[in-house]
Visitor: 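Got a structure for you, questions after.
In this text the structure is predicted, and so the values were computed from the model without any measurement. All ligand and atom numbering here is 1-based and tracks the order in the structure.
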Amino acid sequence: MYKRIVVLVSGGGTNLQALIDAEKCGKLGNGKITCVIASKADAYALTRAQENGIKTRTLIRKDYEDISSYSCAMRDLLLEEKADLIVYAGFMTILDENVCDAFQYKMINVHPALIPSFCGKGYYGLHVHEEALQKGVKVSGATVHFVTAECDAGPIILQKAVEVMEDDTPEALQKRIMEQAEWKILPKAVQLFCDDRITVKNNKTYIK
Ligand code: GAR
C-alpha cells in the first residue's frame, strides 16, 4: 500500500509543484499526494492542486482564536485524511505539540536557509533572505527537517548549499535557493521517507 502524503501550504506553492512533478515522474517512491490543506483561502497552491486533480481542503488560521485550537483542528483533519506523511511546503503557521506529538517524525518542513542559521520564530519567506544578505553570508541554502514543537529545531534530513552573489536582492536569492536547493531536496526527502530509508536516533537522522 502506498503512503498517503498530505501537503500543508499557505502561498504560491512552488514546492508543492515540485512534489507534484516528482510524483508524475515516479520520483516520490512509495508516496502519493492525497490531499493539500491551505491555511489561507486565496493560496495559489490550491489552484495547482486542483489543476492536478488533488483533493483540497482549507483550515483558515484566522477562524481560530489561538494556535492551540487551530492545532487541534489540524490534527483532527490530518487523522481524517489518514496521513502517513505531512509535508509543510511554504506553510507559514507554527503548529503546537497537539499536532507534533500525534505525528512524531511523520512531518517534514522545507526551510529556505542552512539550519541552524536564519531559522526559528519570525524567519520565514523573504525575511530569511533579507537577514542572510544583511549578515553578508557567502553561502546560504535550504534544509529539510522533521517538524517538532520547537520551531525549525527537529532532526535535519537533507541540506543543500547555494552561493550568495554580491548583487543579490532578497527576491533573487530566494529564487536561486528554490531552484537549486528546495525543489530538489524536498522531493528527495519525501522519497526517502516513503521508501522507509530514514531513521532517527538522538535527534539525528540516518539515511539507509
Ligand atoms: C519557500 O521558500 C519555503 O522554503 C519558505 O517559504 C517559501 C514558500 O514558497 N518557507 C518558510 O519560510 C517556512 N519557514 P512556495 O509557496 O512557492 O513553496
Side-chain angles (χ1 to χ4, degrees), residues 5-23 28 33 35-52 54 56 58-61 67 70-71 74 86-96 99-100 107-135 137 139-162 164 168-190:
I5 304 169
V6 176
V7 184
L8 308 188
V9 296
S10 301
T14 64
N15 278 289
L16 168 67
Q17 191 66 54
L19 292 170
I20 293 171
D21 294 346
E23 186 183 325
L28 284 193
I33 305 167
C35 183
V36 170
I37 304 177
S39 62
K40 289 184 185 157
D42 62 353
Y44 183 68
L46 288 171
T47 306
R48 293 181 191 270
Q50 282 151 7
E51 280 172 355
N52 286 278
I54 300 167
T56 59
T58 50
L59 193 68
I60 308 302
R61 175 62 187 93
I67 202 68
Y70 184 75
S71 295
M74 181 63 85
I86 297 134
V87 181
Y88 288 35
F91 183 65
M92 299 305 187
T93 301
I94 300 170
L95 299 172
D96 71 11
V99 182
C100 300
M107 308 176 82
I108 66 176
N109 174 46
V110 60
H111 182 76
L114 294 172
I115 289 175
S117 290
F118 311 114
C119 65
K121 211 162 183 279
Y123 285 92
Y124 60 90
L126 267 186
H127 300 305
V128 177
H129 307 295
E130 283 162 6
E131 292 288 330
L133 291 178
Q134 176 76 23
K135 186 71 191 174
V137 293
V139 171
S140 189
T143 303
V144 178
H145 63 94
F146 281 114
V147 176
T148 57
E150 196 185 335
C151 180
D152 294 333
I156 291 168
I157 302 168
L158 292 175
Q159 293 189 296
K160 191 162 191 293
V162 173
V164 178
D168 262 341
T169 58
E171 290 81 6
L173 181 58
Q174 178 183 54
K175 184 166 179 280
R176 192 175 322 107
I177 288 176
M178 283 177 157
E179 288 171 353
Q180 294 184 11
E182 295 185 48
W183 301 342
K184 294 186 172 156
I185 64 172
L186 183 61
K188 181 73 197 163
V190 168

Visitor: Using modelled atom types and a 3.5 Å cut-off, is there a donor and acceptor pairing between side-chain atoms of Thr148 and backbone atoms of Glu150?
Guide: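 Yes; at least one donor-acceptor contact below 3.5 Å.
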Visitor: If the cut-off is 4.0 Å to any non-hydrogen atom of Pro112, which atoms of ligand 1 fall inside it?
Guide: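 Within the 4.0 Å cut-off of Pro112, ligand 1 contributes 2 (O), 4 (O), 5 (C), 10 (N), 11 (C), 12 (O).
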Visitor: Would the distance check show the side chain of Arg176 and the main-chain N or O of Val164 forming a donor-acceptor pair, the cut-off being under 3.5 Å?
Guide: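 No, because the side chain of Arg176 does not come within donor-acceptor range (under 3.5 Å) of the backbone of Val164.
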Visitor: Counting heavy atoms only, name the option from Arg48, His129, Met178 that's nearest to atom 7 (C) of ligand 1.
Guide: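 It is Met178 that holds the nearest heavy atom.
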Visitor: In this structure, does ligand 1 have an atom that sits under 4.0 Å from one of the heavy atoms of Tyr44?
Guide: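 No, that is not the case, since the closest heavy atom of the residue is not under 4.0 Å from the ligand.
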Visitor: Evaluate side chain to side chain contact (heavy atoms under 4.5 Å, CB included) for Ile94 paired with Ile67, printing each intermediate quantity in order.
Guide: CA-CA 8 Å; Ile94 300 170; Ile67 202 68; 5.5 Å; no
Visitor: Relative to the heavy atoms of Glu182, which atoms of ligand 1 are at a distance of less than 4.0 Å?
Guide: 1 (C), 2 (O), 3 (C), 4 (O)
Visitor: Is the closest N or O pair between Tyr124 and ligand 1 shorter than 3.5 Å?
Guide: no
Visitor: Please state whether Gln17 comes within less than 4.0 angstrom of ligand 1, counting heavy atoms only.
Guide: no
Visitor: What atoms of ligand 1 come closer than 4.0 angstrom to any heavy atom of Val110?
Guide: 4 (O), 10 (N)
Visitor: List every atom of ligand 1 that sits less than 4.0 Å from any heavy atom of Gly90, numbering the atoms from 1 in the order shown and giving each element.
Guide: 8 (C)
Visitor: Quick check on contacts: which atoms of ligand 1 are under 4.0 angstrom from a heavy atom of Tyr123?
Guide: 14 (N)
Visitor: Whether the side chain of Glu23 engages the backbone of Ile33 through a donor-acceptor N/O pair (distance < 3.5 Å, no angle test) should be reported.
Guide: yes
Visitor: Tyr88 versus Val110: any side-chain heavy-atom pair under 4.5 Å?
Guide: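 Result no, sub-4.5 Å side-chain heavy-atom pair not found.
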Visitor: Is a donor on one side and an acceptor on the other found under 3.5 Å between the side chain of His111 and the backbone of Phe118?
Guide: yes
Visitor: Closer than 4.0 Å to some heavy atom of Asn15 - which atoms of ligand 1 meet that?
Guide: 1 (C), 18 (O)
Visitor: Looking only at distance, does Ala89 have an N or O less than 3.5 Å from an N or O of ligand 1?
Guide: no
Visitor: Between Thr143 and Ala113 (side chain of the first, backbone of the second, donor and acceptor by atom type, cut-off under 3.5 Å), is there such a pair?
Guide: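 Side chain of Thr143 to backbone of Ala113, a donor-acceptor pair under 3.5 Å: yes, one is there.
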Visitor: Against heavy atoms of His111, which atoms of ligand 1 measure under 4.0 Å?
Guide: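 Within the 4.0 Å cut-off of His111, ligand 1 contributes 14 (N).
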Visitor: Considering non-hydrogen atoms of the protein only, which is the closest contact for atom 16 (O) of ligand 1, and what is the distance?
Guide: Gly13 N, 2.8 Å
Visitor: Identify the closest protein heavy atom to atom 12 (O) of ligand 1: which residue and atom is it, and at what distance?
Guide: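 The protein heavy atom lying closest is Gly125 N, 2.8 Å.
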Visitor: At their closest point, which heavy atom of Leu28 faces which heavy atom of Pro187, and how far apart are they?
Guide: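 So the minimum-distance heavy-atom pair works out to CD2-O, 3.9 Å.
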Visitor: Main chain of Cys151, side chain of Lys121: is a donor-acceptor contact present, judged purely on distance under 3.5 Å?
Guide: no
Visitor: Suppose we measure from atom 6 (O) of ligand 1 to each protein heavy atom; which comes out shortest, and what is that distance?
Guide: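 Result: Met92 CE, 3.2 Å.
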Visitor: Within the distance-only criterion (no hydrogens, no angle test), does the side chain of Tyr70 pair as donor or acceptor with the backbone N or O of Leu59 below 3.5 angstrom?
Guide: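 A pair under 3.5 Å: yes.
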Visitor: Using non-hydrogen atoms of the residue, decide whether Ala45 is closer than 4.0 angstrom to ligand 1.
Guide: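 No, Ala45 has no heavy atom closer than 4.0 Å to ligand 1.
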